[in-house]
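For reference, the structure is listed below as structure tokens.
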Amino acid sequence: MPELPEVETTRRKIEPLLAGRTILSVAHDAPHRYRDTHLAHGRQVSGLSRRGKYLMLHLAAAEADGEEHDLIVHLGMTGGFRLEEGPHTRVTLTTDAGTLYFHDPRRFGKMAVVPRGVYAGMPTLLAMGPEPLSEDFREEEFVRLAATAGAVKPWLLSQKPVSGVGNIYADESLWRARIHPAQTRLTPEEAGRLYHAVRDVMHEAVEAGGSSLGDGLGNYRQHDGEPGAFQTRHAVYGHAGKPCPRCGTPIQKIVLAQRGTHFCPHCQPRRTEDPA
DNA sequence: CTTAAGGCCTGTTTGC
DNA sequence: TGCAAACAGGCCTTAA
């Protein structure tokens, strides 16, 4: 599942293929899912950036309107760019220097072309919290917000306290911080541990090129088919029943807020009484 | 305002 | 064996 590390890896890998190129066409047959992509035609790609799990292709102004645009891409669960067409190719992106194919078996991915910075109609992007690897992500603020939050895992997944955390990295971060996924109202000590766990996990995962899991459809790959390497460092995600790397207790899997949730019942006990 | 739940979508896995 | 049901899950929409 593409989360921040996978989206960042995608950005780094396809930027050399797109920067400075002119988009000739964005072809697909799902205008509701890939909105206003015709607005990208004829525009030059000035660069790529990322916000949370959103990928942004910055498009130079066209002669007709003099306005810069963004082609916003969300990879959803199974989206990714490839060099070759396949059975799940949903969008064909043709430039003056080659073609990229957007694969997305489960069709959770989305695209939209909008005037630069106009994100109306994208509530998650508008309300997005700070980037976990930037200086905007401040421990004090995170600790303050966590003190009154509900169950910590759904809170992390909301993208509001910090951006880019999805199901895999939420479970891994909570395991490192030794906090139960359903814990509410974190103490300053707990929130501080979680702050550093999120930063460390994201940093390590980006360096490893993200996580590639199994051989199934949800398996994230880079555009050239290369897998990431972080999955070998997962302590709990996908490890139900296997020993906790820290204490040996079998990892437990539960459903929390409709998400598969993995944790160590020994290292991550639920704190029931309020700290005095 | 906040929080919770349903829906989207389809290949794979599980269960009868 | 074969088919149906459950499962995976990020984010939007709707509801409370």
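Numbered from 1 within each chain, the chains take letters A, B, ... in sequence-line order.
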Query raised in the report: Has H88(A) got a side-chain N or O lying under 4.0 Å from the OP1 or OP2 atom of dT10(B)?
Result: no
Query raised in the report: Where the side chain of F108(A) is concerned, which of dG11(B), dA5(B), dC8(B) is the nearest nucleotide?
Result: dC8(B)
Report task. Using a cut-off of strictly less than 4.0 Å, decide whether K160(A) has a side-chain nitrogen or oxygen near OP1 or OP2 of dC11(C). Result -> no
Report summary line: Y169(A) OH to dG10(C) C1', in whole Å, measures 15 Å
Query raised in the report: Across the strands shown, which category fits K110(A) at heavy-atom distances under 4.0 angstrom: base, sugar-phosphate, nothing?
Result: nothing
Query raised in the report: Should the ring pair Y195(A) and F137(A) be called parallel, tilted or perpendicular, given that the plane angle runs from 0 to 90° and is split at 30 and 60?
Result: tilted
Query - Presence of donor-acceptor pair under 3.5 Å, side chain of R259(A) and base of dA8(C) - result: no
**Report entry** Distance test, side-chain N/O of R106(A) to OP1/OP2 of dG11(B), below 4.0 Å
**Finding:** no
Query - Phosphate-side-chain proximity, Q159(A) and dG10(C), N/O vs OP1/OP2 below 4.0 Å - result: no
Report task. Among the candidates dG6(B), dT13(C), dC9(B), find the nucleotide nearest to the side-chain atoms of R107(A). Result -> dC9(B)
Query - Candidate nucleotides dA5(B), dG10(C), dA8(C), ranked by approach to the side chain of Q258(A) - the nearest - result: dA5(B)
Query raised in the report: Under 4.0 Å between a side-chain N/O of R90(A) and OP1 or OP2 of dC9(B), yes or no?
Result: no
Requested in this report: Would you please confirm or rule out a distance under 4.0 Å between OP1 or OP2 of dA8(C) and any side-chain N or O of Y237(A)?
Outcome: no
Query raised in the report: Under 6.0 Å between ring centres, would you say that holds for F142(A) and W155(A)?
Result: yes
Report summary line: Output for pair (R90(A) CZ, M111(A) CE), nearest 0.5 Å, gives 11.5 Å
Report task. Measure from CG on D29(A) to P on dC9(B) and round the result to the nearest Å. Result -> 13 Å
Query raised in the report: With a 4.0 Å cut-off on heavy atoms, is G260(A) in touch with a base, just the backbone sugar-phosphate, or nothing at all?
Result: sugar-phosphate
Query raised in the report: Taking the six-membered ring for Trp, are the ring centroids of H180(A) and F263(A) within less than 6.0 Å of each other?
Result: yes
